Amino acid sequence: MDAIFRDLTAPQREAAGHIDGPLLILAGPGSGKTRVVTHRIAHLLQSGVRAHQILALTFTNKAADEMRSRVERLAPGQPVWLGTFHRFCAQQLRRYAPLVGLSENYSIYDMADAKQAMKRAIEAAEVSTSHTSPEQIAATISDAKNRLITAEMMTSQSSLRSGETIAARVYPVYQKQLLTANAVDFDDLLLHFARLLRENPEVRSELDRRLKYIMVDEYQDTNLAQYAIVRALSIDHPNLAVTGDPDQSIYGWRGADLNNILDFEKDYPNVKTVRLEQNYRSTPNILRVADQLIRHNRRRKQKDLFTDRPEGDPVVLRIYDDGYQEADDLADQIDAAIHGEGLRPSDFAVFCRMNALTRSLEHAFRRRGLPYQIVNGLEFYQRKEIKDLLAYLHLINNPSHDVALQRIINTPTRGVGAKTVSRLRDFADLHGIPMLEAARRVDEIESLAKRSATMVGHFVRLYDRLRVKATATIEDLLRYLIEETKFSEYLERTSVESDSNNPVANVDELINAAVEFDMQHAEDGSLDLYLEQVSLVSDIDAFEGSQDRVTLMTMHASKGLEFPRVFIIAVEDELLPHRRSRESEDQIEEERRLLFVGITRAQQWLQLSFCKSRSMRGVVRPVVASPFLTELPREDLRMVESEVKQNFFDDRHDGIDYPDSWDLPEIASDGAAEGDVDGTDVAPIDFDDVCQLPDDERDSGDRVRETAAKRLKKTIGAGSGLKTAADLLSAGEVPLAAYREGSQVRHPEYGDGTIVAVSGRGPKRSVRVRFADEETSFLIAYAAGDLALIDGAG
DNA sequence: TGGCCTATTTTTTTT
DNA sequence: AAATAGGCCA
């Protein structure tokens, strides 16, 4: 038997041994998927396929690195191209930049950059943002890009959904601005490349021919753009192998389309499908819990997960009073296990739904001196001082990078204020030139004070001095610019240092990283490549499996990893099915998959927990347990409640009708040996009590209305001739009562509508209006003064 | 213009 | 609770 296949199971071997034609590997969690993929690559190489004919696409650098090192072990010295979708596209775009209107030194805008550009585009497009936000517009445009809809297509679309109208007007302006800046955003990397392949058949067929064997990891997470790219490269040589698991699709909000994997067998004729259902990771109980949960999903391909690992401990379902107790108890449990059972910090991971939840854990861990790492990195490259320095590099590399210019033209402060910047921007917009160019022609801007012009001149000369060094090593370049800009002095002067924020140390770390880059890229190193690399790092890439630390991360970040002991915190309603994900069944299913992903990371031991109340954003709110908990097999769970410190069962919970679905079993008691804070826990509780909340506690309507109202303040009435709420109010009539359910109203921007609900009084009085295609809330007393009553109705 | 203070907003997940 | 935006004054 071939050495490559020796330690593979039959289905694994079947997949790894497949050479020509499309292949679908449905791989359950912990089924040795990476091993199959890497062994397949080794087998291809052994069968005479050349390394450069193989392309393996992943979603994170981390996954790519992992595969690279394993391929290296199996087939040393073979330069197989392994990397993320985005990096692949970025590199191809570098080659073919002119075909999409870019130059090869184009920049990649990160999210903060894109946000800045978006704001500018919204301003330039002269659209009203009174009832939408830059974020929302950005999200709509991003969504369009992921669906391969270009600005032209969106603008010419006749039937736009509400919310798309404004975005459709901003989109072309934003795109033009990016082009002027010789820049792309993340979505563009995919969109541009997909378009390039479609519009240049000769490029497409050339790449198709060259990249004969393509593999895509986590195929369930691909969006339409990625689908189109893969498809375009697999027409003449459909040797496409995809691996994935519909049950682990958790990026729908980023445009991932589950249909890509569900329909793979229809898309590619003669597919060979292999199911990897044996799990080598988790104990049977953990697997049963995961399986029971995911069975509640409809959109999936049933897999029968099994394992021959021995039974382990039941999954613990623990109930805490609040987030602080939760954090403390986790820290105590981990501490006790390290000292009592000889486990290591790196054996533990804590997952949560959102990054903000790691805060209290951090405190608890720090207090006990427990080493931990938070994997929501990106943070490093988001720090102000780092972004500032990188902005210099970006501008040096690409003089059109307007976002970078605006960031640094007055950093460190050199007397170029907001006003000057906006004049430069206007001048640049007027002439369709980059802002740096406008800065060079500062003398032509008449409205500018002489002093300001001089200061801008200083900056331009500084820039030119830096620019000369563009070909130096990154380290030298950084040191030189820090010197020239007196950046250290600036930091000393302006920044406040704390134990969680040390700007000077961060700068040192950046330089260290640059030194490393310079060494690794002694041959091919370039500013271009460096910036591409730092632009495309992700949070999970920062995860250091080798460090002996407890890992704190979101469930999204946890995909692909495994840990002996896992804690999942805040398994709570409105948080685990997140409140923003409750609009459709599809979204709920994605939330369920998210929990499934979290659970299946655990090898030996797992605890799920929720709190009775949780403090978020400064306010304490009562909490309802996640409905997903009712879907778990109770015989595999052991429920434990930690000590009740206050009387939770106060009058607030009197007289509530609990739903029938909460007939969970009685809670088992827990020996103090489990490692509780003080051993005084285990008060058996009625599970129902913590699972339901009175209606008035969960109303967030006020806030929504207020926000909408404030935005509306900015809206200027269109003078319809009708008496508006503001008119009525200032005329001293008794107007507001006329705004009642059923009243017909007219809004200058939304048009005619009907009031469907009224609430609040005084300045808080608000109405909900159903317009033709959309329902919107108004605070009529002072904010929506332009909401006019139409006579005779209501 | 720039720094400091206050008011407001944040609302998931991330290449 | 923390970050940001806006406003005010030197």
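Here the structure is a predicted model, which is why all the values come from computation and not from measurement. Letters A, B, ... mirror the listed sequences (proteins, then strands); counts begin at 1.
- A salt bridge between A:Arg593 and A:Asp247 is absent, with no side-chain N of the basic residue lying under 4.0 Å from a carboxylate O of the acidic one.
- Spacing between atom OH of A:Tyr109 and atom P of B:dT15 amounts to 20 Å, rounded to whole angstrom units.
- In terms of position on DNA chain B, the residue among A:Glu135 and A:Leu594 whose nearest nucleotide sits closer to the 5' end is A:Glu135.
- Distance A:His578 NE2 to B:dT13 C1': 9 Å, rounded to the nearest Å.
- The CD1-C1' distance, from A:Ile229 to B:dT15, rounds to 12 Å in whole Å.
- Under a cut-off of 6.0 angstrom, the local environment of OH in A:Tyr324 is sparse, with at most 12 non-hydrogen atoms contributed by other residues, nucleotides or ligands.
- Residue A:Arg617 has its side chain nearest to B:dT10 when only B:dT15, B:dT10, B:dT13 are considered.
- The existence of a salt bridge linking A:Asp221 and A:Arg254 is excluded, since no basic side-chain nitrogen approaches an acidic carboxylate oxygen closer than 4.0 Å.
- With rounding to whole Å, A:Asn355 atom CG is found 11 Å from B:dT11 atom P.
- Scored by the ring-ring contact (aromatic ring centres under 6.0 Å, His included) test, A:His556 finds A:Tyr251, A:Trp253 as partners (sequence neighbours excluded).
- Between A:Phe88 and A:Phe85, the ring center distance fails the sub-6.0 Å criterion.
- For A:Tyr530, the ring-ring contact (aromatic ring centres under 6.0 Å, His included) partners at least two apart in sequence or on another chain are A:Phe517.
- Counting to the nearest Å, the C1' atom of B:dT13 and the CG atom of A:Asp586 are 17 Å from each other.
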Using nucleotides 4-10 of chain C, report all nitrogen or oxygen pairs with the protein that are shorter than 3.5 Å.
residue: C:dA5; atom: OP1; partner: A:Lys119; partner atom: NZ; Å: 3.4

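- If you measure from atom NE2 of A:His556 to atom P of B:dT13, you get 9 Å, rounded to the nearest angstrom.
- Atom NZ of A:Lys115 has 12 or fewer heavy atoms from other residues, nucleotides or ligands within 6.0 Å.
- Among residues two or more places apart in sequence or in another chain, the ring-ring contact (aromatic ring centres under 6.0 Å, His included) test is passed with A:Tyr109 by A:His401.
- A:His363 has its NE2 atom 12 Å from the C1' atom of C:dA2, to the nearest Å.
- In this structure, A:Thr60 does not reach the B:dT15 phosphate: none of its side-chain N or O atoms is under 4.0 Å from OP1 or OP2.
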Practice task
Any chance you could list the contact pattern along nucleotides 1-6 of chain B? Use B for base contacts, S for sugar-phosphate-only contacts and - for none, protein heavy atoms under 4.0 Å, 5' to 3'.
Solution key: SSS---

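- B:dT15 has no stacking from A:Phe85 on its base ring, since the centres under 5.5 angstrom apart and planes within 30 degrees of parallel are not both found.
- As rounded to whole Å, 15 Å separates atom P of B:dT10 from atom CE of A:Met616.
- Taking the side-chain hydrogen bond (donor to acceptor under 3.5 Å, both in side chains) definition, one finds that A:Arg614 meets it with A:Glu326, A:Glu572, sequence neighbours left out.
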